[in-house]
Structure formats: structure tokens, C-alpha cells
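The structure appears right after this line, and notes come after that.
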Number of protein chains: 2
Amino acid sequence: MHSQAEENYLKAIYSLQNNPRQEVSTTAMADKMQTNASSVTEMFRKLAGKDLVHYRKYRGVQLTRQGKTMAISMVRKHRLWETFLVEKLNFSWEEVHDIAEQLEHIQSEVLTDRLEHFLGYPKYDPHGDPIPSSKGELLKVKGKRLTELKIEEEGVLINVKDSSEEFLKYLNKKNLGLGDRIKVIAIEPFDKSIKIDNNTQEHVISEQIAKNLYLK
Amino acid sequence: MHSQAEENYLKAIYSLQNNPRQEVSTTAMADKMQTNASSVTEMFRKLAGKDLVHYRKYRGVQLTRQGKTMAISMVRKHRLWETFLVEKLNFSWEEVHDIAEQLEHIQSEVLTDRLEHFLGYPKYDPHGDPIPSSKGELLKVKGKRLTELKIEEEGVLINVKDSSEEFLKYLNKKNLGLGDRIKVIAIEPFDKSIKIDNNTQEHVISEQIAKNLYLK
DNA sequence: CTTAATTTTTAGACAAGCCAAAATAAATAT
DNA sequence: ATATTTATTTTGGCTTGTCTAAAAATTAAG
């Protein structure tokens with residue numbers, strides 16, 4: 001059995017690993033987990049002892065096969081619960097992250113699978129992130145960043161890469177949601193801010209924001 | 001904020017307290033929590049420090065107003081989740097206890113209230129136990145024990161006082177479930193075992209079992 | 001009413017996670 | 001290539017919750 005702390009570390013390592021070869025550093029983890037570097041070192045050791053990560057002193061960790069399986073299982077549970085909260089309990093997309101963060105630790109394979117069935121085997125969560133299957137298979141979201149579009153190009157918003165309450169509340173305020181057709185009207189060369197047309201409204205959004213929006 | 005351990009202790013104290021005046025002893029708790037008496041003493045102290053129980057050395061604890069509120073909130077969450085698991089995810093009544101034991105620790109008032117709404121404000125959980133309202137109000141189940149019935153008397157099974165997997169599997173095997181009309185055919189004076197008619201079948205059940213069945 | 005048995009508390013230890021400060025290794029700049 | 005900065009690990013300590021064994025208080029028995 002694994003503790004919640006271990007599960008959280010695995011999920012964080014997974015999200016920081018851009019490719020499976022890349023080693024995740026102690027400081028990057030400490031930053032992500034809002035904790036102390038020395039705590040991270042200890043946990044790295046512990047996870048290595050359980051064969052959930054490969055750990056090289058002063059180099060960092062990568063997930064083992066086993067560790068990756070666990071991490072993906074956490075992601076799966078998180079996204080299924082988020083979907084449940086939005087689809088069934090009428091939460092809005094900015095409210096669900098913290099609650100799902102707790103629910104993802106519930107230990108029951110059966111529960112997860114039944115939940116998935118109950119939800120009708122959803123492919124994506126409320127933020128457009130793909131939901132891993134019970135076998136750990138994970139679709140790639142093949143959208144492109146809003147920042148990659150040129151003037152007059154358009155697309156449909158299919159994924160937001162930041163699930164924080166602040167970011168999503170910002171999008172709500174601008175009336176931006178998944179499925180919206182967005183057209184680039186103008187790009188300000190100085191700060192790369194983008195003027196977009198959301199069918200009904202026009203908004204100027206910063207590059208910072210635009211980077212987190214994925215379109216198809 | 002309160003830890004899961006604290007929440008578990010409060011719930012256990014609540015379930016051991018037959019009336020609010022009764023003090024719950026260290027050993028009774030240790031027995032219930034499957035833990036050591038010395039651990040219980042320490043937790044009693046801690047809970048007393050947070051004003052969740054009144055604690056008198058060598059005498060035991062009773063819940064304070066605040067402690068009772070928390071305990072009932074745990075019961076509420078537990079029973080709502082059990083209802084969810086059975087009604088929505090098609091679990092059977094003997095499978096839900098352990099999972100609900102985990103789910104009851106999810107911290108979110110809103111979640112609990114939305115879940116209750118989603119379930120249609122159920123009055124009873126899958127074992128016939130009443131579900132406290134968001135204000136902490138709790139209906140009394142006014143059934144009588146099967147052991148109180150005389151020969152030829154009958155009633156409808158409305159509540160089982162043991163939610164353990166073993167007990168419920170036993171009932172499944174005998175085809176006994178909530179809502180069943182049960183008639184007492186005979187009572188064996190020697191061991192107080194009861195022969196019942198379940199409309200279609202006849203069974204002999206021990207006094208031990210019968211004590212946990214409540215009829216209306 | 002005094003002794004024996006039982007219950008409860010205290011004392012000392014341990015594991016899991018965390019932190020701050022000190023020591024060491026690695027990376028960067030001169 | 002060496003000195004300085006930065007990253008990482010080590011050390012020692014703290015908290016929560018647990019345990020065992022010993023001491024103290026309460027209850028039960030004679």
C-alpha cells in the first residue's frame with residue numbers, strides 16, 4: 001500500500017517529466033510540491049526503495065514502469081472525479097480541482113471502473129485533458145496553442161493547460177469555455193498579446209494566458 | 001481542521017454513546033478502534049484540548065456540542081456515499097462500507113450537499129439507517145427487533161444494525177433484504193433461534209442474527 | 001475493609017513526513 | 001583551472017499517531 005504523500009509525489013513527478021528519459025530535479029519537485037528540498041530528497045529515497053523511481057544522487061528521479069503505472073492511475077482517478085463533479089453534481093470547472101485532489105486517493109479499483117462506466121466512458125475531463133483508460137492508455141490531445149495561430153486563423157478551444165481556480169475564473173469572466181470558436185484578430189508585436197473574437201465578443205489576452213489555451 | 005484519526009475517533013465515540021450523558025471508556029474505544037488503550041488515552045486528551053469531548057481521567061469521554069456536530073457530519077457523509085455507491089454505481093449493500101469509510105473524510109460541505117441533492121434527499125441509507133440532514137437532524141428508526149416478535153407475528157425488514165460484509169453476505173445467502181415481509185413461524189426456547197417465513201422460503205436464524213434485524 | 005483483579009494513564013520508542021541549518025557536490029563565471 | 005554560486009544531501013529536531021511495558025487508580029472479591 002502507498003501513502004497519500006507517495007501518491008502525490010508520483011503524480012507530480014509524472015507531470016514534471018516531459019519525456020520518460022528526463023530526470024526530475026529535487027528543486028523542481030520542492031517547488032511543485034510547495035515543500036522543502038530536504039523533504040523531497042527523503043521521499044525520493046523512499047520511492048526508490050519501493051522501486052517506483054530510479055534515483056541518482058544529485059541527478060534526480062525518473063519513474064519506473066511501476067511508478068508510471070501508479071501515476072497514471074492517479075491522473076485517471078483525478079480526471080474521472082472531476083468529470084463526475086461537473087457532469088453529475090453541477091460544479092463548474094474552476095471548483096473541482098481541490099475536491100478531486102482528495103477523491104483521487106480513494107483506494108478501490110472497482111470504484112474507479114464503476115465510476116467510469118457510470119459517466120459513460122468519457123474521453124476528456126472538464127478541462128479537455130484526456131482520461132487514461134483502466135489499462136493506462138492515454139490519448140494525446142492534438143490541439144495547437146493559441147500562440148501558434150496567425151492573424152485571421154481560427155479554431156475551437158478544446159483544452160486548457162491550467163486548472164487553477166484563478167485562471168479558470170479569468171476565462172469565465174471573458175466568457176471563454178471549451179468548444180468555443182476563437183479567431184485571431186490581431187497580434188501585438190510588442191508583448192505578443194492577442195486580440196481574439198469569440199463569435200460574440202472581442203478580447204485582448206496576454207501571451208501568458210494564450211499559452212494555456214489549446215485549439216483544434 | 002481535523003485529521004482523519006480525529007474524525008474516526010469522534011464517529012466511534014458517537015456510536016458507542018447510547019445516550020449523550022453516558023461516558024465512553026478507554027477500553028471500549030480501544031476495542032472499537034482496534035487499537036491500544038494508551039493510544040486512546042492520548043487521543044482523548046487531544047480531543048479534549050480541542051473541545052470536542054469532555055474528558056475525565058479514568059472516567060471516559062462524552063462528546064461536546066461541537067464534537068457531536070462533527071460526528072453527525074461524518075455519519076451523514078458516510079451514509080450519503082453508501083447510498084451513492086448502491087443507487088448510482090450498482091454496488092451491493094455488503095460492498096460499500098469500506099469505500100464509504102474513506103469517502104467520508106473528503107472535506108467539502110458543498111460536495112456533501114450537492115451529493116445529497118443529486119441522490120434526491122434520501123432518508124435512509126442502503127442498510128436502513130437514517131441519513132442526518134445538513135443541519136444535523138436525525139430521524140429515529142422506529143422499528144422493533146425481530147427478537148421481540150411472537151409466533152405468527154410479522155413485519156417488514158427496514159433496518160439492519162450490522163453493516164459488515166460477513167453479516168450482509170449471510171443475509172444475501174438467505175435471500176433476506178430490506179423491504180422483505182417476514183413472519184415468525186416458531187421460536188426454539190432452548191437457544192432462542194427463530195424460524196421465519198420470508199414469503200417464499202423458510203429459514204432458521206440464530207438469536208444473534210435476529211437481534212440485528214429491525215422490522216416495522 | 002483490605003487484597004486482588006481490572007482499567008487507565010504514563011513513560012519511552014518508533015515510523016512517516018516535514019522543516020531549518022550545515023555540509024557537500026555540481027554548475028557557472030572569471 | 002580555480003573561485004564562486006547554486007543545487008542537493010545530511011543532520012538533527014519536531015509533530016502526529018502508534019505501540020509496549022510499567023505505574024497508578026479504580027473496581028470487585030473475599
Side-chain angles (χ1 to χ4, degrees), chain A residues 1-14 16-18 21-63 67 70-71 74 101-102 104-107, chain B residues 1-14 16-18 21-63 67 70-71 74 101-102 104-107:
Chain A
M1 214 68 306
H2 304 110
S3 71
Q4 296 203 179
E6 285 168 33
E7 292 184 339
N8 287 335
Y9 272 86
L10 289 173
K11 205 175 63 142
I13 296 167
Y14 181 73
L16 289 175
Q17 235 177 359
N18 296 312
R21 289 264 147 274
Q22 189 190 325
E23 288 180 303
V24 174
S25 77
T26 306
T27 351
M29 272 301 280
D31 194 55
K32 175 95 178 177
M33 303 289 290
Q34 304 267 63
T35 188
N36 205 287
S38 59
S39 308
V40 173
T41 299
E42 282 186 40
M43 187 54 94
F44 277 1
R45 281 235 272 249
K46 189 178 173 196
L47 294 173
K50 295 189 173 190
D51 263 316
L52 295 166
V53 300
H54 298 297
Y55 171 45
R56 291 194 305 144
K57 268 186 164 194
Y58 296 100
R59 283 291 124 105
V61 292
Q62 359 176 222
L63 293 171
M70 280 222 36
M74 299 311 296
E101 207 75 354
Q102 299 179 61
E104 73 192 11
H105 296 292
I106 305 295
Q107 309 244 317
Chain B
M1 215 67 305
H2 304 110
S3 71
Q4 295 202 179
E6 285 167 30
E7 292 184 340
N8 287 335
Y9 271 86
L10 289 173
K11 207 176 62 143
I13 295 168
Y14 181 72
L16 289 175
Q17 234 178 359
N18 295 313
R21 289 264 147 275
Q22 190 190 327
E23 291 180 311
V24 174
S25 76
T26 307
T27 354
M29 271 301 280
D31 193 55
K32 175 95 178 177
M33 304 288 291
Q34 304 266 64
T35 188
N36 207 287
S38 60
S39 309
V40 172
T41 299
E42 284 187 38
M43 187 54 94
F44 277 1
R45 281 235 273 248
K46 189 177 173 198
L47 293 174
K50 295 189 172 189
D51 263 315
L52 294 166
V53 300
H54 298 298
Y55 172 44
R56 291 193 307 145
K57 268 184 164 195
Y58 295 99
R59 284 290 124 104
V61 293
Q62 0 176 222
L63 293 171
M70 280 222 35
M74 299 311 297
E101 206 76 355
Q102 299 178 60
E104 74 192 10
H105 295 293
I106 305 295
Q107 308 245 314

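Excluded from the calculations below are hydrogen atoms, water molecules and symmetry mates; all remaining heavy atoms, backbone and side chain alike, are included. Residue numbers begin at 1 in each chain, while the letters A, B, ... track the order of the sequences.
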Quick note, A:N36 side chain, CB onward, closest among D:dC19, C:dA20, C:dT10 is C:dA20
Hey, could you give me the CE/CD distance between B:M1 and B:E7, rounded to the nearest 0.5 Å?
8.0 Å
From NZ of A:K50 across to C1' of C:dA16 the rounded distance in Å is 10 Å
Whole-Å gap separating P (D:dT9) and CZ (A:R56)
11 Å
May I ask you to say what B:A5 touches in the nucleic acid, namely base, sugar-phosphate or nothing, with a heavy-atom cut-off under 4.0 Å?
sugar-phosphate
To the nearest 0.5 Å, atom OG of A:S39 lies from atom CE of A:M29 at 11.0 Å
B:Q62 (side chain) donor-acceptor with B:H54 (main chain) under 3.5 angstrom
no
Provide, to the nearest angstrom, the distance between the CD atom belonging to A:E7 and the C1' atom belonging to C:dA16.
15 Å
A:K57 side chain near D:dT10 phosphate (N/O to OP1/OP2, under 4.0 Å)
yes
Salt bridge (charged side-chain N to carboxylate O under 4.0 Å, His left out) filter on A:E42, not counting sequence neighbours, yields none
For the student: nearest non-hydrogen atoms of A:T26 and A:A37, plus distance
CG2-O, 3.5 Å
Checking all strands, does B:Y9 fall into the base, sugar-phosphate, or nothing category for heavy-atom contacts under 4.0 angstrom?
sugar-phosphate
Euclidean distance, atom CE of residue A:M29 to atom P of C:dC18 [Å, nearest integer]
10 Å
Would you please confirm or rule out a distance under 4.0 Å between OP1 or OP2 of D:dC19 and any side-chain N or O of B:S39?
yes
Check every atom of D:dC19, D:dT26, C:dA27 against the side chain of A:R59 and return the nucleotide holding the closest atom.
C:dA27
Interatomic distance, CG@A:L52 vs CE@A:M70, rounded to 0.5 Å, equals 6.5 Å
Between C1' on D:dT18 and CD on B:E6, what's the gap in Å once rounded to a whole number?
15 Å
Check the phosphate of D:dT9 against A:T41, side-chain N and O only, distance under 4.0 Å to OP1 or OP2. Yes or no?
yes
Rounded distance in Å - CE (A:M43) to P (C:dC19)
11 Å
Kindly write out the residues that satisfy ring pair (Phe, Tyr, Trp, His ring centres under 6.0 Å) with A:F44, not counting sequence neighbours, or none if the list is empty.
A:Y55
Where is the tightest heavy-atom contact between A:N8 and A:E104, given as atom of each residue plus distance?
OD1-OE2, 3.8 Å
Nearest-Å distance, CD (A:E42) to C1' (C:dA15)?
12 Å
Would you say A:R45 reaches D:dT9's phosphate, i.e. side-chain N/O to OP1/OP2 under 4.0 Å?
no
What string of B, S and - do you get for nucleotides 2-7 of chain C, 5' to 3', when a contact is any protein heavy atom under 4.0 Å?
-----S
Of C:dA11, D:dT9, C:dC19, the nucleotide closest to the side chain of A:Y55 is D:dT9
Mapping A:T35 and B:G60 onto DNA chain C by nearest heavy atom, which one lands closer to the 5' end?
B:G60
Rounded to the Å, how far apart are A:F44 CZ and C:dC18 P?
12 Å
